[in-house]
Number of protein chains: 2
Amino acid sequence: MDTPSGVPTGAPTGAPARDEPLWRDALGERLRCARRERGEKLSETAGRAGISPQYLSEMERGVKEPSSEMIAAVAGALDLSLAELTLAVAERLLSTQITACVGASARAAYALAA
Amino acid sequence: MDTPSGVPTGAPTGAPARDEPLWRDALGERLRCARRERGEKLSETAGRAGISPQYLSEMERGVKEPSSEMIAAVAGALDLSLAELTLAVAERLLSTQITACVGASARAAYALAA
DNA sequence: AAGCCTGTTCAGCCGTGGGCGAAACGTATG
DNA sequence: CATACGTTTCGCCCACGGCTGAACAGGCTT
């Protein structure tokens, strides 16, 4: 995967750049949250998902871009459907958006949550 | 990206496989829907997003797994935040989940929507 | 019939990165 | 010091992301 040369800083449209995380960051954060809620270790969830713990760690930290099959596998291991997972991601994104109007406070809130 | 050998047909967990589309399919469908709601052509949206129309077509059809930056670029071109986009995807997935209890009817409903 | 135009999909390609296993790191305990 | 455990980092191979050019399908005009 390549970062499009016209996109590194945001949408190349006339619209102002939206200050929100990338999909992989938002997704990973939610996955880690779900895993911790269950009191599980990387190795447990990853084992059930059929992937390596190392890779799950990278997914959770938004370091790697997981395939759709990987997302489904990890969601399944956490007893979540894709619908439930994406809804949880969306809700989290929306909650950080509300505070985004405050600017610097949004960044602080996001940093604290990470 | 590799398909994990233990995952091709669904979660390798003890949980029953959930009958729902993959992320890239659900996302692509929503992107195409948004573009069509705006009455735009592939070339228009793709141009604003800074990507090729051919690739946007592939994204919309779930043929390729777009990077998070690509998702952000296309969302921006459609005047959507990632939050709005993932929420729309989630809502759609949830609505098809409700009918999933009917089994074959869910598949028919999904095929018609595609 | 032909030609032209438009919108979309298909095919081929190259460089990048997904997902892995091994190693390293950080923390806790004796 | 040692050991154990959970997590992160590193190095690697090859599948695929994103591209360009070609092909396809539909509509319109002469």
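Heavy atoms only: backbone and side chains are in, while hydrogens, waters and symmetry mates are out. As the structure is a computational prediction, the values presented were derived from the model and not from experiment.
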### Message
Nearest 0.5 Å, please: how far is CG in Leu31(B) from OG in Ser57(B)?
### Response
12.0 Å
Specify the separation, in whole Å, of atom [atom1] of [X] and atom [atom2] of [N].
{"X": "Arg24(B)", "N": "dG18(D)", "atom1": "CZ", "atom2": "P", "result": "13 Å"}
{"X": "Glu69(A)", "N": "dC16(D)", "atom1": "CD", "atom2": "P", "result": "9 Å"}
{"X": "Leu22(B)", "N": "dC16(D)", "atom1": "CG", "atom2": "P", "result": "13 Å"}
{"X": "Glu40(A)", "N": "dG6(D)", "atom1": "CD", "atom2": "C1'", "result": "14 Å"}
{"X": "Lys41(A)", "N": "dA28(C)", "atom1": "NZ", "atom2": "C1'", "result": "14 Å"}
{"X": "Glu65(A)", "N": "dG17(C)", "atom1": "CD", "atom2": "C1'", "result": "10 Å"}

Report yes if at least one side-chain N or O of [X] is closer than 4.0 Å to OP1 or OP2 of [N]; otherwise report no.
{"X": "Arg35(B)", "N": "dT8(C)", "result": "yes"}
{"X": "Ser43(B)", "N": "dT8(C)", "result": "no"}
{"X": "Lys64(A)", "N": "dG19(C)", "result": "no"}
{"X": "Arg32(A)", "N": "dT8(D)", "result": "yes"}
{"X": "Arg61(B)", "N": "dC10(C)", "result": "yes"}

### Query
Looking only at heavy atoms, what is the nearest atom pair of Arg35(A) and Leu42(A), with distance?
NH1-N, 3.2 Å
### Query
What is the minimum heavy-atom distance between Thr86(A) and Trp23(A), and which atoms define it?
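Between these two residues, the closest heavy atoms are CG2-CH2, 4.1 Å.
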### Message
Short of 4.0 Å, heavy atom to strand atom, which residues of residues 52-60 of chain B count as contacting DNA chain D?
### Response
Ser52(B), Gln54(B), Tyr55(B), Glu58(B)
### Message
Run the salt bridge (charged side-chain N to carboxylate O under 4.0 Å, His left out) test against Arg38(B) and tell me which residues pass, sequence neighbours left out.
### Response
Glu40(B), Asp79(B)
### Query
Going by heavy atoms in the side chains, are Glu60(A) and Cys33(A) under 4.5 Å from each other?
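Side chain of Glu60(A) against side chain of Cys33(A), heavy atoms only: no contact under 4.5 Å found.
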### Query
Are any of the side-chain nitrogens in Arg92(A) or Glu20(A) under 4.0 Å away from the carboxylate oxygens of its partner?
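Salt bridge between Arg92(A) and Glu20(A), a charged N being under 4.0 Å from a carboxylate O: no.
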### Message
Taking Glu69(A) first and then Arg24(B), would you say they form a salt bridge - that is, a charged N and a carboxylate O separated by under 4.0 Å?
### Response
yes
